[in-house]
Amino acid sequence: MDLRLFNTLTGATENLVPLHDREVRMYHCGPTVYGYAHIGNLRSFIANDILRRTLEYAGYTVKQVMNITDIDDKMIKKSADEGVPLSEIANRYEDVLMADLRHLNIKIPEHIPRATEHIGGMIVLIEKLLREGYAYPASDGIYFEVAKSKDYGALARLDLNAETESRVEGAADKKSPRDFALWKFWTAEDGENVFDASFGRGRPGWHIECSAMAMSELGETLDIHTGGVDLIFPHHTNEIAQSEAATGKPFVKQWVHTEFVMVDGQKMSKSLNNMFTLKEIVEKGISPAAFRYWVLGAHYRAKANFTWEGLQGAQTALVRLAEHLGAEVGTVNEDYQRRFEELVTDDLDTPRALALAWEVAKDTSLSSADKTATLLDFDRVLGLGFVPHVDVVIPNDIKELILSRETARTTKNWAESDRIRDEINALGWDVLDTDKGTEVQKKN
Ligand SMILES: [Zn+2]
């Protein structure tokens with residue numbers, strides 16, 4: 001079955017036509033690793049995961065790349081403040097992110113390039129842009145000349161005749177306020193974090209990182225590129241300008257953007273200081289799977305309003321839905337399967353897919369075994385961690401200990417994690433660490 005996706009570039013929902021037969025090559029802008037991801041970021045990673053799982057469900061193979069930005073101003077500042085190398089900051093928060101992704105049952109992309117491992121490719125790209133007259137040196141770095149770009153701002157529907165954006169950064173001697181840095185020349189604040197290039201020692205700008213990593217892993221034209229809506233301008237706009245100037249080819253066929261998580265009418269963000277992390281949610285007794293259920297309850301292109309009541313409601317709903325799974329697994333109901341595939345391949349309509357899961361759960365004409373098989377089939381996309389229901393009731397105090405231990409593990413507090421495991425053991429349960437998180441079994 002074909003996948004229909006809303007394309008930010010054309011403003012229309014389109015059939016996906018991959019460039020390489022049934023293989024879909026897609027790139028996700030990953031995090032800058034200098035702090036905890038907030039749940040707005042995590043929503044966007046869950047949306048990427050739903051896209052990947054839907055493609056696989058529909059029979060495509062997927063080549064999936066998510067980058068890690070491991071060098072930037074904020075990271076360099078944090079490394080100087082803490083007096084530790086940049087790589088230590090990067091490794092620490094990359095580990096935290098990977099733990100979050102695993103807790104959320106997100107399939108980890110096979111390719112996770114780090115910016116500092118791709119500096120060579122960035123330099124080659126910038127040399128080409130300089131040679132062909134798209135880039136020029138200014139006092140503090142190499143800039144891309146936006147006026148030379150064809151259709152600049154099409155993705156963000158920028159009105160280039162209107163006032164230029166208020167946030168103008170970079171050298172006073174750049175040719176236009178819209179020109180952006182491809183390379184920043186070394187300054188004392190950068191310390192050891194410097195790379196040699198034919199056009200001067202320094203480090204890459206943020207936008208060039210993604211162009212270089214995406215094209216080196218996936219080729220000059222990608223099937224799909226995703227990110228949060230906040231990346232449409234300037235990040236993705238600038239990725240398109242520099243990549244297409246360098247190759248003369250379209251950079252991306254389908255642009256997919258996930259909306260914000262809102263808190264009291266404002267977007268959740270580090271700068272507004274209204275963010276929550278997965279750790280904070282787990283500490284309030286909400287499981288990562290319940291958070292995932294909550295995310296799927298809103299379409300990825302709609303804003304999601306964060307409330308604790310909403311999360312609590314999602315947790316209750318997920319537990320009730322999972323109670324409809326039986327111990328025996330029968331045959332997947334083809335009619336429901338067809339309807340499910342139609343919904344998820346229609347621009348990833350997860351709210352209606354969840355509603356269909358409930359319809360299956362409540363369908364008295366289905367046997368328990370067939371119901372179970374059908375819900376497990378849906379879970380290949382939903383990723384809620386359904387398992388055939390075994391009649392063992394885990395007491396609440398054990399459940400709470402499991403959550404506390406997962407939190408300790410997320411924060412790498414191994415001593416606390418071991419202490420809680422011993423406590424669970426002492427209460428008569430064995431602890432198993434699986435891909436899906438912590439599980440317990442009653443001791444014989
Ligand atoms: Zn990016």
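All values below were derived from every heavy atom in this structure, side-chain atoms included, with hydrogens, water molecules and symmetry-related copies excluded. Remember, it's 1-based here, ligands and their atoms both numbered in the order they're listed.
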With no hydrogens and no angle check, is any side-chain donor or acceptor of Asp377 less than 3.5 Å from a backbone partner on Ala373? no
Examine Cys29 and say whether one of its N/O/S atoms is closer to the Zn ion (ligand 1) than 2.8 Å. yes
Taking the cut-offs as 6.0 angstrom to the six-membered ring centre and 45 degrees off its axis, would you call Arg22 and Tyr60 a cation-pi pair? yes
Just grab all the ring-ring contact (aromatic ring centres under 6.0 Å, His included) pairs involving residues 2-29, residues at least two apart or on different chains. Tyr27-His225
At the Zn ion (ligand 1), what's the angle from Cys210 SG to His235 NE2, rounded to 10 degrees? 110°
Would you be so kind as to tabulate the donor-acceptor pairs closer than 3.5 Å made by side chains of residues 128-136, with sequence neighbours excluded?
{"unit_1": "Lys128", "atom_1": "NZ", "unit_2": "Ala246", "atom_2": "O", "d": "2.8"}
{"unit_1": "Tyr136", "atom_1": "OH", "unit_2": "Lys175", "atom_2": "N", "d": "2.6"}
{"unit_1": "Tyr136", "atom_1": "OH", "unit_2": "Asp179", "atom_2": "OD2", "d": "2.7"}

Measuring to the Zn ion (ligand 1), does His236 have an N/O/S atom at a distance below 2.8 Å? no
